[in-house]
Structure formats: structure tokens, C-alpha cells
Number of protein chains: 2
Amino acid sequence: MKQYCKFESALDILIGKWKPVILLQLISNGTMRFSELLKAIPDINKRMLTQQLRELEYNDIVHREVYNQVPPKVEYSISEYGQGLSKVLQVMNDWGEEHIEHMESLYGPEEKSE
Amino acid sequence: MKQYCKFESALDILIGKWKPVILLQLISNGTMRFSELLKAIPDINKRMLTQQLRELEYNDIVHREVYNQVPPKVEYSISEYGQGLSKVLQVMNDWGEEHIEHMESLYGPEEKSE
DNA sequence: CAGCATCCAGACGGATACTG
DNA sequence: CAGTATCCGTCTGGATGCTG
């Protein structure tokens, strides 16, 4: 009865407006500095980036490497363990793709003004 | 570059505090009436249930069968199309389970007072 | 019985300024 | 450079009451 309830835990990792984008960046680019992430994700700001990064870090999805030097340098990367999330993302991505098509067949193509 | 972005669409379907629980109920019990869902999910209220159900319905995940009679009767079930979500849920569930263990090995067992 | 309307609280996301 | 602190607006979720 409880067998499906665990998947909420997975959900917790992914929810947060920027988690997906951050993960995407780190997956495709490997190690990235704080400022690189900031540049790569135009609409995010420092507070948000820090916050989401901290949560991902707490969950051991991303690794945070601090260089004690001036100027400061901090690098982020997907942790060994975090790699396992990729396949979950892949499944969700595949389904999401199908789903978009399905929605279009129901409601017609979205006119994304944005 | 955009290949992973679609999985946000999948995320959209699942986010919403009660979507997981509702899906779980409908998956395990098949067709259910509005009031049955209400009883099965103790902490939800009518407004919430209606709202989340509507979203799932819009996305063609659940099917809504209205019987025009007095007293009213409305039955909900996972749609043909919605079945496809089960495997996604399964993957997320599996990962979520691993993840819980992983977290425990890092931070020790959670003392869920709730 | 099913569900909509109203009102409300708290969480989440965002802009900006300050710090080591 | 890489954050933290503060403040504020929006959005989501929740309690309650009314309706067909």
C-alpha cells in the first residue's frame, strides 16, 4: 500500500523552479563554477542559485568543491551518486515528450508567446 | 541542448501536493467516487481534491465519468493514456527508495515525529 | 453528493544591498 | 568571486460556507 509513496521523495529532489535547469547544466557541462552557472542560466539570481544548490548538495546530488584562495573559487559538479538520477530524468523526459504530443493532439499546438 | 528540458513537463503533472496520493489511490483501487477519494485521503478537503483532480483531468491522466442523477455521482479513474505514467512513477519510486537509504547512510535514520 | 466562491496563511521565488 | 541578509510580491494550498 505504501509502495508508491516513496516516489514523493524523488519528487522532493526535483521540485524547485531551478533544479531541473541546474542539473541539466551540470550534466552536460560537467564541473562548473558558481559564476559560470550564473551566466549559463540567465534568469536566475545569486540567492536562488545558492539556495537550490544547497538543497541539491544536501541530498548529495551535487558535489561542492571549495578552493580557499583569493579570489574565492567554488566548483560544482554532479556527484557520483547523483549520476544515478540521470536515468530517472531520462525516463521523465521521454514521457514528458510523449505527453507534449498527446496534449497537442488534444488541445492543438501551444502558442507559447514567451 | 534542449533534450532534457522536456522532463519539466512531466514534473508539471506530478507536482501539486496531492497528485501523488490521488494517483496512488486510483492506481490501486481503480474507479473511485469523489466521496471515496475524500475518505481515502484523510487530510485532504473538497476544494483541494477538486482542484487537483481537474488538473489531472485536463492532462488526460484521469477520466471523469459524470452520472446525471440525484444524488449526483461522479467516478474517477486512471485514463487509458494515464496508465503510461505508472512506469514513470515506478522508476521514480525505485530511485526514491534507494535515495532514502542513501540519505540514512549519510545523516542517520530520520526520526519522523509525524 | 459534488463542487464552486471567498478569504486567508505560509511557502516559494525574486531584487537588492552588504560581506569576507 | 561567492556568497549572506533583508524585504517583498506571488502563488499554492487550506478552512469554511453556499449551491444545484
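Letters A, B, ... are given to chains in the order of the sequence lines, protein chains preceding strands, and every chain is numbered from 1.
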(Q) I'd like to compare against my own output: the B/S/- annotation of nucleotides 5-20 of chain C with a strict under-4.0 Å heavy-atom distance to protein. (A) BB------BBB----B

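- Proximity of B/S35 to the phosphate of C/dA2: a side-chain N or O atom is located under 4.0 Å from OP1 or OP2.
- Partners of A/E101 according to the side chain to side chain contact (heavy atoms under 4.5 Å, CB included) rule, which considers only residues two or more places apart in sequence or in another chain, do not exist here.
- Spacing between atom CE of B/M32 and atom P of C/dC1 amounts to 15 Å, rounded to whole angstrom units.
- A nucleotide of DNA chain D counts as in contact with chain A when one of its atoms lies under 4.0 Å from a heavy atom; the first and last such, 5' to 3', are D/dC1 to D/dT6.
- A/K39 has no carboxylate O lying under 4.0 Å from a charged side-chain N of A/E36, or vice versa, which leaves the two without a salt bridge.
- Comment: A/R64 does not engage A/E75 in a salt bridge, judged by the lack of any side-chain N to carboxylate O separation of less than 4.0 angstrom.
- Spacing between atom CG of B/L53 and atom P of C/dC1 amounts to 17 Å, rounded to whole angstrom units.
- No side-chain heavy atom of B/R33 sits less than 4.5 Å from a side-chain heavy atom of B/L38.
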Q | Verdict with reasoning, B/E65 to B/H63, per side chain to side chain donor-acceptor pair (under 3.5 Å) | A | CA-CA 7 Å; B/E65 186 76 36; B/H63 174 67; 2.9 Å; yes

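- Nucleic acid contact class of A/Y67 (heavy atoms, under 4.0 Å, all strands): none.
- Looking at heavy atoms from C-beta onward, A/Q51 lies out of side-chain contact with A/W18 at the 4.5 angstrom threshold.
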(Q) What verdict does the side chain to side chain contact (heavy atoms under 4.5 Å, CB included) test give for A/H102 and A/L106, after you've listed the backbone C-alpha separation in whole Å, the side-chain angles of each residue and the deciding distance to 0.1 Å? (A) CA-CA 6 Å; A/H102 186 68; A/L106 287 177; 3.8 Å; yes

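- Between A/V21 and A/I44 the shortest side-chain heavy-atom distance does not fall below 4.5 Å.
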